[in-house]
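First comes the structure, then the notes that go with it.
Bear in mind the structure is a predicted one, so any value in this text is a computation, not a measurement. Per chain, numbering begins at 1; letters A, B, ... match sequence-line order.
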Protein chains: 2
Amino acid sequence: MTIVGNPMGQSTPELEDAIHEKIRAAGLRLTMPRRAICAVLAVNDEGFLTTQEILGRIGEQGVPIDPSTAYRTLDDLAKIGLIHLVHLGSSPGRWHLTVEHDHQHLVCEICGKTTLVPTAEIQPMFDQLRERYGFQTRHHHFAIMGHCETCSESEEHDHA
Amino acid sequence: MTIVGNPMGQSTPELEDAIHEKIRAAGLRLTMPRRAICAVLAVNDEGFLTTQEILGRIGEQGVPIDPSTAYRTLDDLAKIGLIHLVHLGSSPGRWHLTVEHDHQHLVCEICGKTTLVPTAEIQPMFDQLRERYGFQTRHHHFAIMGHCETCSESEEHDHA
DNA sequence: CTCGCTGTTGCAAGAAGTTGCAACAAGAAT
DNA sequence: ATTCTTGTTGCAACTTCTTGCAACAGCGAG
Ligand SMILES: [Mn+2]
Ligand SMILES: [Mn+2]
Ligand SMILES: [Zn+2]
Ligand SMILES: [Zn+2]
């Protein structure tokens, strides 16, 4: 089950620039390996990629980078809030852009379909958690696992 | 940051039996390695343990089991709904008992404190997701990351 | 443009996690 | 109690991920 948002898409210079901006703003250096990783992330806006997949794409396209560099860099990008690690099922975690994503994700465990839900729709729950427990939800960009409409219906048929 | 519920606690025979029951009911064989793993899970009711931690405890106490067996067995137990893999931050996933846990977890990213929230309090959100998107939330036992009351307050002080 | 500081990289070694397979043992049948 | 079937285990080989470190290069200062 591959989960990508813009598989063979065009690069999106605006987004890529915005990412570079954030990296600089955080005081990180804009190196070649980082540019390569950002490029992959930019064309996969809305996608969820594993570190291995990112490494693979970079290798296909140009100068490969060392795996350890990829692992470390992705951690760094997460630390500055540019990307986010999402665990879909038991497979390795997947990286997902955070910038300009004011939504949450519903992920179907069966077919992998992801549905976007405006954060506003879930906000009331977060507010309630804060009121009752003083708990400040942080990862305002997370994935809720379950079964999508289509797969739910097929399941009912199977039971009949 | 270690997250356990009953660190050096007594074994809880009732819970352990309930687990054995579930394993048998699923048509799985009750082997020595599985008994060992269940024993660790039973004394750590409410705890979150990594596979490595489980392996470590078994090694300390008696006959060690092969790592591959542990990884495979834990996957099997998850498949029959006995345990659940929870990702707290970027560390390896942690196993958590599902049986008799009708609650969700608020996990503090800073101090690791976990707060239990009755599922009923979050149910309205799940219901809403179903009404609007036809989405059936499955993992009714998940972790919401954020900052607990205490840590939120310290942060405010730091800013001042 | 050149220099210098220091954050980053690639490499190598190791730890963690996965997979195929032959030997083994849980538990049903007799 | 004994036998038989087949799900499980431990081992070995492999892939993935992590960590320490010396060489390197981004980029600010001059
Ligand atoms: Mn998104
Ligand atoms: Mn619980
Ligand atoms: Zn689906
Ligand atoms: Zn806290």
Side-chain angles (χ1 to χ4, degrees), chain A residues 1-2 16-17 19-40 48-59 62-80 82-83 85-95, chain B residues 1-2 16-17 19-40 48-59 62-80 82-83 85-95:
Chain A
M1 183 201 304
T2 308
E16 208 162 335
D17 287 348
I19 295 176
H20 290 180
E21 204 63 32
K22 271 224 166 192
I23 290 178
R24 282 228 162 82
L28 299 179
R29 292 181 186 172
L30 197 47
T31 64
M32 265 295 288
R34 282 176 183 166
R35 283 174 193 277
I37 289 175
C38 292
V40 172
F48 297 81
L49 296 175
T50 64
T51 306
Q52 289 296 323
E53 288 170 348
I54 294 172
L55 275 168
R57 302 209 177 188
I58 293 175
V63 187
I65 67 177
D66 192 83
S68 67
T69 301
Y71 288 110
R72 281 188 285 221
T73 297
L74 290 164
D75 280 345
D76 292 341
L77 297 187
K79 218 165 282 166
I80 66 176
L82 229 168
I83 59 178
L85 185 60
V86 181
H87 287 277
L88 278 35
S90 52
S91 48
R94 291 172 174 278
W95 299 103
Chain B
M1 182 203 304
T2 307
E16 207 161 336
D17 287 347
I19 295 174
H20 290 179
E21 203 65 31
K22 270 224 169 194
I23 290 178
R24 283 229 160 81
L28 299 179
R29 292 180 187 173
L30 197 47
T31 65
M32 266 295 290
R34 283 178 183 166
R35 282 175 194 277
I37 289 175
C38 292
V40 172
F48 296 81
L49 297 174
T50 65
T51 305
Q52 289 295 323
E53 289 169 347
I54 294 172
L55 274 168
R57 301 209 177 188
I58 293 175
V63 187
I65 67 178
D66 193 83
S68 67
T69 301
Y71 288 110
R72 281 188 286 219
T73 297
L74 290 164
D75 281 346
D76 291 342
L77 297 187
K79 219 165 280 165
I80 66 176
L82 229 167
I83 59 177
L85 185 60
V86 182
H87 288 276
L88 277 36
S90 52
S91 47
R94 290 173 175 275
W95 299 104

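Nucleotide C:dT8 holds its P atom 11 Å from the CG atom of A:Leu77, rounded to whole Å. For A:Ile23 and D:dG26, the CD1 to P distance is 14 Å, given to the nearest whole Å. A:Leu74 places its CG atom 14 Å from the C1' atom of C:dT8, with the value rounded to the nearest Å. In this structure, the NE2 atom of A:His20 is 11 Å from the P atom of D:dC27, given to the nearest Å. In this structure, B:Arg24 places its CZ atom 12 Å from P of D:dT8, rounding to the nearest Å. Atom CD1 in A:Ile58 sits roughly 11 Å away from atom P in C:dT9 (whole-Å rounding). The nearest whole Å value for the distance from the CG atom in A:Asp76 to the P atom in D:dT19 is 13 Å.
Checked against side chain to side chain contact (heavy atoms under 4.5 Å, CB included), A:Gln52 has the following partners two or more places apart in sequence or in another chain: A:Thr50, A:Leu55, A:Tyr71. A:Asp75 is linked by a side-chain hydrogen bond (donor to acceptor under 3.5 Å, both in side chains) to nothing, counting only residues two or more places apart in sequence or in another chain.
Expressed to the nearest 0.5 Å, how far CH2 of B:Trp95 lies from CG of B:Leu74 amounts to 5.5 Å. One distance of note links CD1 of A:Ile54 with CG of A:Leu49; it measures 5.0 Å at 0.5 Å rounding.
A:Arg34 contributes a side-chain N or O that, together with a main-chain N or O of A:Arg29, makes up a donor-acceptor pair within less than 3.5 Å.
Considering only heavy atoms from C-beta on, A:Arg35 comes within 4.5 Å of A:His20 through its side chain. Side-chain contact between B:His87 and A:Leu85: absent, with no pair of heavy atoms (C-beta onward) separated by less than 4.5 Å. Taking the side chain as every heavy atom from C-beta outward, B:Ile23 and B:Cys38 approach each other to under 4.5 Å.
A:Ile37 approaches A:Ala70 most closely through the heavy-atom pair CD1-CA, 4.0 Å. The two residues A:Ala26 and A:Ile80 come nearest to each other via the heavy atoms CB-CG2, 3.7 Å.
Taking the screw axis at each terminus of the helix from C:dC1-D:dG30 to C:dT30-D:dA1 from five consecutive base pairs, the angle between the two is 30° to within rounding of 10 degrees.
Within residues 25-35 of chain A, the residues having any heavy atom under 4.0 Å from DNA chain C are, by residue number, A:Leu28, A:Arg29, A:Thr31, A:Pro33, A:Arg34.
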Polar atom pairs (N or O), protein with nucleotides 18-20 of chain C, under 3.5 Å:
from: C:dG20; atom 1: O6; to: B:Arg72; atom 2: NH1; distance (Å): 3.2

What donor-acceptor contacts under 3.5 angstrom involve side-chain atoms of residues 62-69 of chain A, with partners at least two apart or in another chain?
from: A:Asp66; atom 1: OD2; to: A:Ser68; atom 2: N; distance (Å): 3.0
from: A:Asp66; atom 1: OD2; to: A:Ser68; atom 2: OG; distance (Å): 2.5
from: A:Ser68; atom 1: OG; to: A:Arg72; atom 2: NH2; distance (Å): 3.4

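Between C:dG17 and B:Gln52, a contact under 4.0 Å exists linking OP1 or OP2 to a side-chain N or O. In this structure, A:Thr73 reaches the C:dT9 phosphate: one of its side-chain N or O atoms is under 4.0 Å from OP1 or OP2.
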